[in-house]
Amino acid sequence: MVIKKFLHVKHLEMDLTKGNLFWKFALFALPLALTTILQLLYTTIDLWCVTKYGGGSVSMSAVGSNAALINLIVTVFVNMSMGANVAISQAKGANDKEKASKVLHTSLILSVFSGVIVGIVGFFLSGVLLKMMNTPISLLEKATDYLKIYFIGLPFLMIYNYGSQILRALGDSTKPLLTLIAAGIINVGFDVLLVKYANLDVVGVAIATICSEAVAAFMTTLFLFLNNKGFVKLKFKKLRIDVPSLKEVLVIGLPAGIQGLAFSIPNVLIQSSLYSITNYSINGIPISQDEIVAGSSAASQLENFAFAIEDAIGVSLCTFVGQNFGAKNKKNIKKVFWIGLSWDFITCILIAVFFIAFSNQLLSIFITEKQGVIQSHAIAAGKERMYIMIIPYIFDGIMIICGDFLRGMKRSLPPAIITLVGCTGLRILFLYTLFRMPYFHTIFWLYAAYPISWVLIDICYIPIMIVLTKKSFNEIDNSLTLSNQTN
């Protein structure tokens, strides 16, 4: 009874069109950031468990070698779920409950369908995909076992992603956090049980991941079903596809998914290119390929925490803009852009200082001196990547802010095109031209491709933002004029 009453508390759904938006933005973004950070912590525990209780650094690298590919899949479909976020946030801003209900039920059906299809295809192509990434033969078997099981749980992951985006669109970023706390406890418990006591190594952490995703999917569905006092709730008898709602979700979500794909494809290729660096030294010390991969995997895990915070700010901005666009409040739309940018600057500076100050300690969490990997060498390789990525991370944040700002006003295609050209095009061009030359065939230049592309994309966004924002505001003015004439 106590839990049921808590699920019905209405104040968890914030009105993002009124009040002190600067602090309300932080209050909304914090649970969202904590949600993603918790997801990463559970992944970190996966890596720690296989390192300590499983096959050591080899198993850690096998799980880590899946990171780029899994991020590609997750990023594409999480970004697609942003279509549901924007559609429902604008419906709430316009106080259109009927539209919000249609979008909710249509989105949940879409989540199940896409999760099942991609899960089946991915399961049977896991080995092929990892071979295409040039995954080292020493890691291939374990990496394939992990990835196959991961794909089995994809429908649960999609239900959670779409459901949590719907809750956030309603102004509630707390319930997705509570869901992840519960799912994470399950994940950690099964990690220890299956890896330490059942000796299942990477298979154990993969099964633990599926179990936690199933819990997250169930709880998210339950929150929506019991949302009697909220703006809109799930009713199973209303589960059907509404074609206009599906079209709206896809028109916003597909370009966002393409944008995620544009981010992820070069990440996969860069991960693959990392394996080609076999003769490398840092400060005169030779670094083996296994040490390079271990250092890169560890640094990548830490960078994901920074990205989680930036992404939370971007999703929050998109939701704030969506509700205010639905409410036709141009003043607030302008205001929340600068609020989002301000919080992005603050967090990026704090993250960079913290990561640089404690780089050795943070990297040593993931890197152990085991099976031919010298810890100090792998840490040196990880630090080289971390410094290149973290110090200029603010430029990545600006890119995220601009894209999510436009998406909140249903301008989802331009950010996708910019990312496709800037991220995918420029990075792939670099990999197939300059990177093949001996001078550029280093860890430094491989990862320098990221900040260079961030800066170039940010420059491109300036005129595009000005033009598209003006067009969106003209749409609001025309809508208000038409409404006044009708009244």
Side-chain angles (χ1 to χ4, degrees), residues 16 21-22 24-37 39-40 71 74-86 88-90 161 164-165 167-169 171 173 176-177 252-253 255-264 303-325 333-351 392-416 418-419 422-423 450 453-454 457-458 460-461 464-465 468-469:
L16 308 181
L21 297 183
F22 184 82
K24 186 173 280 191
F25 191 100
L27 188 64
F28 183 83
L30 182 59
L32 208 163
L34 290 175
T35 300
T36 309
I37 288 172
Q39 286 178 303
L40 294 170
N71 285 340
V74 172
T75 300
V76 168
F77 286 95
V78 168
N79 280 18
M80 282 186 64
S81 68
M82 286 296 293
N85 180 302
V86 174
I88 290 183
S89 63
Q90 291 195 2
N161 283 330
S164 61
Q165 289 289 10
L167 288 169
R168 290 163 187 154
S173 59
L177 173 60
I252 301 168
I258 293 171
Q259 183 174 347
L261 188 66
F263 272 121
S264 300
E303 291 156 17
N304 285 338
F305 287 95
F307 180 77
I309 296 174
E310 286 191 338
D311 188 57
I313 293 172
V315 172
S316 300
L317 178 62
C318 184
T319 308
F320 271 72
V321 171
Q323 283 201 19
N324 282 284
F325 190 86
I333 292 174
K334 293 178 183 177
K335 186 185 294 184
V336 294
F337 171 79
W338 294 108
I339 289 173
L341 198 59
S342 298
W343 280 114
D344 189 58
F345 269 95
I346 293 168
T347 54
C348 281
I349 291 171
L350 293 176
I351 289 168
Y393 221 55
I394 183 61
F395 297 108
D396 183 47
I398 294 171
M399 181 175 65
I400 292 171
I401 289 292
C402 292
D404 283 323
F405 176 75
L406 292 175
R407 191 172 295 114
M409 296 185 292
K410 292 187 177 181
R411 303 285 180 179
S412 193
L413 186 58
I418 293 171
T419 305
C423 287
Y450 286 102
S453 62
W454 295 338
I457 290 172
D458 290 343
C460 291
Y461 259 124
I464 293 171
M465 287 274 293
L468 293 181
T469 300

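Just so we're clear, the structure is a prediction, and the values are computed from it rather than from any experiment.
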Participant: May I ask you to test the Phe405-Ile333 pair for a side-chain heavy-atom distance under 4.5 Å?
Facilitator: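 In short, these two side chains touch, coming nearer than 4.5 Å.
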
Participant: Specify the closest pair of heavy atoms between Gly422 and Ser453, including all atoms of both residues, with the distance to one decimal.
Facilitator: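 Closest heavy-atom pair between Gly422 and Ser453: O-CB, 3.7 Å.
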
Participant: Is it the case that the side chain of Gln90 and the backbone of Gly408 share a donor-acceptor pair, with hydrogens and angles ignored and the cut-off at 3.5 Å?
Facilitator: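 It does hold such a pair.
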
Participant: Looking at every non-hydrogen atom in both residues, tell me the closest pair between Ser89 and Thr319 and how far apart they are.
Facilitator: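 Ser89 and Thr319 have their closest heavy atoms at CB-O, 4.0 Å.
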
Participant: Please name the pair of heavy atoms, one in Cys348 and one in Glu310, separated by the smallest distance, quoted to 0.1 Å.
Facilitator: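 Heavy atoms of Cys348 and Glu310 come nearest at SG-OE2, 3.0 Å.
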
Participant: When you compare the side chain of Thr35 with that of Ser173, does any pair of heavy atoms fall below 4.5 Å?
Facilitator: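 Not in contact.
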
Participant: To the nearest 0.5 Å, what is the distance between CZ on Arg411 and SG on Cys402?
Facilitator: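 Spacing of CZ (Arg411) from SG (Cys402) equals 15.5 Å.
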
Participant: How far does CG of Asp396 sit from SG of Cys423, to the nearest 0.5 angstrom?
Facilitator: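 Output value for this atom pair is 8.0 Å.
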
Participant: Check whether any side-chain heavy atom of Phe307 sits under 4.5 Å from a side-chain heavy atom of Ile400, and report yes or no.
Facilitator: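 They are in side-chain contact.
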
Participant: State which residue, out of Ile398, Ile394, Ile418, Ile401, fulfils the side chain to side chain contact (heavy atoms under 4.5 Å, CB included) condition with Asp458.
Facilitator: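 In the set Ile398, Ile394, Ile418, Ile401, the residue that makes a side chain to side chain contact (heavy atoms under 4.5 Å, CB included) with Asp458 is Ile398.
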
Participant: Determine yes or no for a side-chain-to-main-chain donor-acceptor pair under 3.5 angstrom, with Gln323 supplying the side chain and Leu16 the backbone.
Facilitator: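 Yes.
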
Participant: For the CG atom of Leu177 and the CG atom of Leu34, what is their distance to the nearest 0.5 Å?
Facilitator: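 Separation between the atoms: 5.5 Å.
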
Participant: Please give me the minimum heavy-atom distance between Gly257 and Met80, naming the atom from each residue.
Facilitator: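 That closest heavy-atom pairing would be CA-CG, 3.8 Å.
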
Participant: Do Phe305 and Ile309 come close enough that some side-chain heavy atom pair is under 4.5 Å?
Facilitator: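 A side-chain contact under 4.5 Å is absent here.
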
Participant: Side chains of Val86 and Cys318: closer than 4.5 Å at any heavy-atom pair?
Facilitator: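 Result yes, sub-4.5 Å side-chain heavy-atom pair found.
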
Participant: If you look at every heavy atom in Ala29 and Ala312, which pair is closest and at what distance?
Facilitator: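 Smallest heavy-atom distance, with atoms named: O-CB, 3.9 Å.
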
Participant: Test side chain to side chain contact (heavy atoms under 4.5 Å, CB included) on Met409 and Thr469; report intermediate values, then the result.
Facilitator: CA-CA 8 Å; Met409 296 185 292; Thr469 300; 4.0 Å; yes

Participant: Students often mix this up, so state it plainly: with edges at 30° and 60°, are the rings of Phe28 and Phe320 parallel, tilted or perpendicular?
Facilitator: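 Ring orientation, 0 to 90° scale: perpendicular.
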
Participant: Distance check, rounded to the nearest 0.5 Å: Ile37 atom CD1 versus Leu30 atom CG?
Facilitator: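 Output value for this atom pair is 8.5 Å.
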
Participant: For the residue pair Tyr461 and Pro415, establish whether any side-chain heavy-atom pair is separated by less than 4.5 Å.
Facilitator: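 In short, these two side chains touch, coming nearer than 4.5 Å.
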
Participant: To the nearest 0.5 angstrom, please state how far the OG atom of Ser316 sits from the NZ atom of Lys24.
Facilitator: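 Rounded to the nearest 0.5 Å, the OG-NZ separation comes out at 13.0 Å.
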
Participant: Taking side chain as C-beta onward, heavy atoms only, is Ile457 less than 4.5 Å from Phe395?
Facilitator: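 The answer is no; the side chains never approach within 4.5 Å.
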
Participant: Check whether any side-chain heavy atom of Met82 lies under 4.5 Å from a side-chain heavy atom of Ile252, and answer yes or no.
Facilitator: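 No - every pair of side-chain heavy atoms lies 4.5 Å or more apart.
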
Participant: Measure the spacing between CG of Asn324 and NZ of Lys334 and express it to the nearest 0.5 Å.
Facilitator: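 Going from CG on Asn324 over to NZ on Lys334, the span is 13.0 Å.
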
